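None of these values were measured; they are calculated from a predicted model. What you see below is based on every heavy atom in this structure, not just the backbone, and it leaves out hydrogens, waters and symmetry mates. Residue numbers begin at 1 in each chain, while the letters A, B, ... track the order of the sequences.
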4 protein chains.
Amino acid sequence: MPRRHDTKQRLIQAAVHVARTRGYAHTTTRAVAEQAGVSEATIYRHFPDKFSLIHAAASDTAAQVSAVTQELPPRAGSSTVRANLLDVMGHMASVRADMAPLELAIATDPELSQARSQAIERGLPDGPPRHLAEYLAAEQSLGRVTATVDPVTTALVIMTQVFGSALGTGPSLEDSLDVLLTGLEPRT
Amino acid sequence: MPRRHDTKQRLIQAAVHVARTRGYAHTTTRAVAEQAGVSEATIYRHFPDKFSLIHAAASDTAAQVSAVTQELPPRAGSSTVRANLLDVMGHMASVRADMAPLELAIATDPELSQARSQAIERGLPDGPPRHLAEYLAAEQSLGRVTATVDPVTTALVIMTQVFGSALGTGPSLEDSLDVLLTGLEPRT
Amino acid sequence: MPRRHDTKQRLIQAAVHVARTRGYAHTTTRAVAEQAGVSEATIYRHFPDKFSLIHAAASDTAAQVSAVTQELPPRAGSSTVRANLLDVMGHMASVRADMAPLELAIATDPELSQARSQAIERGLPDGPPRHLAEYLAAEQSLGRVTATVDPVTTALVIMTQVFGSALGTGPSLEDSLDVLLTGLEPRT
Amino acid sequence: MPRRHDTKQRLIQAAVHVARTRGYAHTTTRAVAEQAGVSEATIYRHFPDKFSLIHAAASDTAAQVSAVTQELPPRAGSSTVRANLLDVMGHMASVRADMAPLELAIATDPELSQARSQAIERGLPDGPPRHLAEYLAAEQSLGRVTATVDPVTTALVIMTQVFGSALGTGPSLEDSLDVLLTGLEPRT
DNA sequence: AATGAATGAGGATTCATTCAT
DNA sequence: AATGAATGAATCCTCATTCAT
């Protein structure tokens with residue numbers, strides 16, 4: 001009977017790990033408890049129910065992503081736009097791959113989705129897209145990004161590409177970034 | 001209660017409907033059978049197991065998407081690139097929203113994912129990206145699309161945006177297309 | 001895998017049996033299924049949840065009691081009042097002993113109690129007390145029971161004594177009936 | 001958070017309160033501890049196990065009932081028999097309503113019942129019926145109660161009516177007492 | 001082709017209890 | 001004296017699947 005005091009964090013990480021490696025459908029209380037090295041009942045000492053654990057795990061990973069993107073806006077003007085974006089996208093993709101099963105399960109399940117919407121309205125940070133948008137706007141001021149594209153929309157486009165890459169269904173980050181930078185319309 | 005012999009199709013559509021409206025986690029044999037108006041046991045008259053039904057449902061929807069994109073390549077040169085792409089993307093998104101829960105559940109679950117890979121290797125069509133790439137290449141020949149972007153990569157980028165839109169996490173199709181067309185690099 | 005068609009009744013009787021012999025707290029789905037010789041899951045083919053089974057069991061036993069008391073009113077005037085009452089009370093007590101744990105658990109649990117109240121308002125028979133009251137009124141007309149006591153109240157008093165006897169906390173039925181017949185006030 | 005050392009009493013009262021308001025099935029260690037404002041573990045500082053707490057709670061309430069009935073025998077001859085009995089029955093019923101869930105759970109559960117029998121044989125007071133019987137015998141000597149009824153049996157009959165009233169299944173105390181006083185046999 | 005009855009395996013959750021602090 | 005953390009066993013219930021009809 002080990003008596004740790006970081007059990008809550010271990011449960012969250014166990015949930016992320018199981019979801020990533022085995023999929024959300026296999027993310028049972030049993031599997032998570034086993035992965036964390038505790039009994040199932042212990043989950044309920046730290047979370048009121050399974051979904052609270054899942055939400056905590058998703059939020060935790062979201063916070064990690066946000067920590068990465070936060071550092072982007074100050075880098076406007078330095079290095080190249082391509083390098084800056086590629087760097088952040090790479091970090092995001094690796095973290096997001098962890099989160100994907102949880103996030104998708106939530107996005108896909110109306111019941112869970114509703115709970116998340118409430119959480120978001122209570123002030124959960126939608127940081128990463130905002131950070132990206134801020135960075136892009138700054139680069140626009142510097143003339144290093146086309147002035148006519150909307151920074152907020154562009155941020156969402158990039159996030160979506162990262163998401164696709166994390167899922168394994170999209171092109172590589174580098175390839176997708178090249179397309180985004182060049183644009184489809186011929187330059188006359 | 002003798003039913004028609006189109007029960008198989010009704011089961012497939014019931015699976016799609018339940019998955020779309022209630023999420024994959026709630027897509028149980030019970031729910032599907034109820035939605036189809038048959039007994040659970042009837043499912044096993046038409047499919048060897050539940051996953052075969054799920055795969056059939058996903059394939060069915062995938063075929064619909066493919067039917068839409070198939071008509072794209074011949075349209076090269078007509079109307080505008082923007083209009084052609086937006087039209088197809090809109091059709092794809094609406095169909096894909098149906099499929100999203102199933103597709104994501106499959107993509108996310110290693111066990112199912114493996115089964116799908118085998119199915120794909122057996123010849124399931126990955127048509128839509130190919131159709132898009134063919135269309136883009138044709139437009140490049142006509143000088144209506146930048147010659148330097150890779151058509152295959154670009155097709156995947158577009159598919160990813162459609163996917164994000166269907167999920168509700170990305171920008172609107174129109175907005176994302178604008179960004180893609182313009183490109184981020186300033187035109188000197 | 002036996003394929004009976006009276007499983008529902010067997011489950012009801014199993015529930016009554018377990019409750020009587022082991023108490024309501026031990027009337028688990030497992031215990032009932034075991035007693036009925038089926039699997040736990042089978043319970044849920046016949047009842048939406050455990051409480052529906054418990055209610056069915058209680059109602060079933062209540063119906064048996066009612067069947068006994070129903071025959072009482074026509075017997076007014078025959079035999080003696082003492083013999084008639086004692087006979088019916090004896091039958092009721094034996095059936096009620098079966099029901100006691102269920103009925104008490106229901107009466108005692110606010111949650112279950114509420115469900116029962118609704119059931120009663122929907123028209124469940126409160127037969128036995130009414131049958132007793134009818135019988136007593138008939139005997140009053142015949143002059144074989146004191147005219148001044150209220151038949152309805154008296155019926156409830158008798159039911160309560162039967163209940164106490166079934167529980168094992170009251171006096172024997174014969175003794176309690178003697179007290180009721182004689183009355184405490186001295187006859188001048 | 002140092003608490004007073006009357007924690008034991010607070011636990012007993014918490015158990016009674018939870019049992020009365022929510023039923024025995026909901027009288028869990030968690031609920032009792034919460035009601036008492038202590039942790040679950042504290043219960044085991046004061047009682048070897050949950051059943052000891054339950055028995056203590058039942059005994060505690062039983063003692064209160066006994067305290068009420070104890071004062072009855074000396075009142076023989078004063079006021080009226082009806083007033084004396086009604087007064088005591090009223091007090092008993094109010095206390096017993098608290099106890100009912102616990103007492104019934106014990107009476108109904110063979111396992112607990114056995115433990116109680118042992119406790120009773122170890123000298124737990126069965127006072128109230130005896131007090132009532134003594135009072136009735138005294139009134140018989142005074143000619144205020146029919147001489148032919150057995151005081152002990154009558155005491156049990158009265159206790160049973162009180163019990164029914166406390167449970168809410170019997171008639172009002174006043175009504176039942178009227179029936180008992182008058183008796184069913186016509187007075188010639 | 002269809003189904004009602006049945007089930008083994010597993011789901012989330014709660015229980016009374018223990019123990020180190 | 002008190003408690004927060006932990007748990008094994010048991011709770012009710014659901015799932016995908018089988019089989020006789």
### Task
Counting Watson-Crick and G-U wobble pairs whose two distances are both under 3.5 Å, find the runs of 3 or more in a row that involve DNA chain F.
E:2-21 with F:2-21
Value in whole Å for how far the [atom2] atom of [N] lies from [atom1] of [X]:
X        : N       : atom1 : atom2 : result
Glu34(A) : dA6(F)  : CD    : C1'   : 17 Å
Ile54(A) : dA12(E) : CD1   : C1'   : 12 Å
Asp6(A)  : dA5(F)  : CG    : C1'   : 12 Å
Arg10(C) : dA5(E)  : CZ    : P     : 15 Å

side-chain contact (heavy atoms from CB on, under 4.5 Å) partners of [X], counting only residues at least two apart:
X        : value
Arg30(D) : Thr28(D), Glu34(D), Glu40(D)
Thr42(D) : Thr7(D), Val38(D), Ser39(D), His46(D)
Ala19(B) : Thr27(B), Pro101(B), Leu102(B)
Gln13(A) : Gln9(A)

### Summary
Residue pair Thr27(C)/Ile43(A) against DNA chain F: nearer the 5' end by closest nucleotide is Ile43(A)
### Message
At a heavy-atom distance below 4.0 Å, what parts of residues 44-53 of chain A sit against DNA chain E?
### Response
Tyr44(A), Asp49(A), Lys50(A)
Non-neighbouring partners of [X] that pass side chain to side chain donor-acceptor pair (under 3.5 Å), sequence neighbours left out:
X         : answer
Asp109(C) : His26(D)
Thr21(A)  : none
Gln35(B)  : His17(B)

Polar atoms only, N or O, under 3.5 Å: list the protein pairs with nucleotides 8-10 of chain E and their distances.
none

Side-chain N or O of [X] versus OP1/OP2 of [N]: is the shortest distance under 4.0 Å?
X        : N       : result
Thr7(A)  : dA5(F)  : no
Thr29(C) : dC12(F) : yes
Thr42(C) : dA6(E)  : no

### Task
Carefully, step by step, assess Tyr24(A) and Ile54(A) under the rule side-chain contact (heavy atoms from CB on, under 4.5 Å).
CA-CA 10 Å; Tyr24(A) 181 73; Ile54(A) 298 300; 4.0 Å; yes
### Task
Check for a donor-acceptor pair, side chain of Asp60(C) on one end and backbone N or O of Ala63(C) on the other, with a separation under 3.5 Å.
no
#### Entry: Partner residues of Arg96(D) under the salt bridge (Lys or Arg N to Asp or Glu O under 4.0 Å) criterion, sequence neighbours left out
Glu103(D)
### Query
Partners of Arg20(A) by salt bridge (Lys or Arg N to Asp or Glu O under 4.0 Å), sequence neighbours excluded?
Asp98(A)
